[in-house]
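Here's the structure, in structure tokens; my notes come after.
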Amino acid sequence: MNEAHMNITVLKHKNAEAVPEVDFLKARRGEGVGHKWTPPLETWFAVKAAPGSQRCPSIFDGDSRKLDSVVERNLKNEGFEVFMPSYHMEVRHHRNKRWIEKRFPTFVGYLFVNIGPDDFRTVEEVTGVGKILRFTRSNDEGSMPFAFPQETIDRLRYIAWEQEQTFLVARARRQREEEIEQEQRRRGKPVNASSRRIRRAQFTDVGGGLSSSLSSASSKAFITETLKTLSNMATGLD
């Protein structure tokens with residue numbers, strides 16, 4: 001286990017609690033855990049995804065398949081590290097009433113790849129990729145791919161992780177409520193509003209900090225500002 005992974009592991013498992021965002025970022029900078037973290041050089045660029053390439057397969061409740069989109073899968077198959085911020089939702093199938101898990105991109109039309117300058121052309125040739133987002137330089141030397149700071153990617157990763165934990169808690173609550181309702185019906189007991197309130201109360205104090213949500217203004221503002229940056233650069237693409 002390398003030092004970077006060890007530091008994050010310590011934070012994740014200390015007292016079995018979720019990692020507060022400030023501690024997550026401190027660990028990334030090598031603060032707060034007693035050891036300096038010198039991460040490998042990473043250079044992340046935003047990619048404009050082709051229409052439909054971010055669509056992820058739906059999975060039925062209990063299925064453990066991966067939910068990679070077409071563009072993620074194609075980039076990974078070419079050996080590139082990909083990060084598509086996303087969130088999950090559950091819906092009922094309109095016919096068989098089974099629960100279906102769906103994954104959606106946080107930034108519709110965009111994702112990030114960790115690459116070097118020699119990989120630009122190769123990435124843009126991958127099926128599902130439109131173009132790498134660029135900015136116009138003021139000295140008339142043409143456009144240049146825009147590299148996102150590692151702190152931006154770390155923050156987006158934390159927000160995506162936070163959203164996933166919220167989804168998992170909601171799914172666990174729903175599954176437990178259904179189990180109790182089935183047991184009540186088996187015993188011939190009515191399912192009423194009072195029993196539903198009791199079941200919800202069972203999840204009021206979920207351990208591990210998994211009941212956190214994205215209600216914080218800072219997370220919402222960060223997502224909004226990042227989307228604005230992506231949209232502004234995409235406007236200049238030919």
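These numbers come from a predicted model, not from an experiment. Every heavy atom of this structure was used, including side-chain atoms; hydrogens, water molecules and symmetry mates were not.
For Ala49, the side-chain contact (heavy atoms from CB on, under 4.5 Å) partners two or more places apart in sequence, or in a different chain, are Ser53, Gln54, Leu111. Among residues two or more places apart in sequence or in another chain, the side-chain contact (heavy atoms from CB on, under 4.5 Å) test is passed with Pro51 by none. Looking at residues two or more places apart in sequence or on another chain, you find no side-chain hydrogen bond (donor to acceptor under 3.5 Å, both in side chains) involving Glu225. Residues forming a ring-ring contact (aromatic ring centres under 6.0 Å, His included) with Tyr87 (at least two apart in sequence, or on another chain): Phe104. Partners of Arg55 by side-chain contact (heavy atoms from CB on, under 4.5 Å), not counting sequence neighbours: none found. Applying the ring-ring contact (aromatic ring centres under 6.0 Å, His included) rule to Phe222 yields no partners; only residues at least two apart in sequence or on another chain are considered.
Between the CD atom in Glu162 and the OH atom in Tyr158 there is a gap of 5.0 Å [rounded to 0.5 Å]. In this structure, CZ on Phe45 lies 5.5 Å from OG1 on Thr43, to the nearest 0.5 angstrom. Remark: Leu168 CG to Arg173 CZ distance equals 12.0 Å, nearest 0.5 Å. The CD atom of Glu177 sits 9.5 Å away from atom CZ of Arg174, with the distance rounded to the nearest 0.5 Å.
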Donor-acceptor list for residues 73-86 side chains, cut-off 3.5 Å, not counting sequence neighbours:
residue	atom	partner	partner atom	Å
Asn74	ND2	Val70	O	3.4
Asn74	ND2	Thr127	O	2.9
Lys76	NZ	Asp68	OD1	3.3
Lys76	NZ	Asp68	OD2	3.0
Asn77	ND2	Arg73	O	3.3
Glu81	OE1	Asn114	ND2	2.8
Glu81	OE2	Arg157	NH2	3.3
Ser86	OG	Arg103	NE	2.8
Ser86	OG	Arg103	NH2	3.4

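Sorted by first and then second residue, the salt bridge (charged side-chain N to carboxylate O under 4.0 Å, His left out) pairs involving residues 106-126 (not counting sequence neighbours) are Glu124-Arg134. The ring-ring contact (aromatic ring centres under 6.0 Å, His included) analysis of residues 165-186, with sequence neighbours excluded, yields the pairs His88-Phe167.
One side chain, Ser69 or Glu72, offers a donor N or O that lies under 3.5 Å from an acceptor on the other.
Using a 4.0 Å cut-off between charged side-chain N and carboxylate O, Glu178 and Arg92 make a salt bridge.
Across Phe148, Phe146, Trp44, a single residue satisfies ring-ring contact (aromatic ring centres under 6.0 Å, His included) together with Phe112, and that is Phe148.
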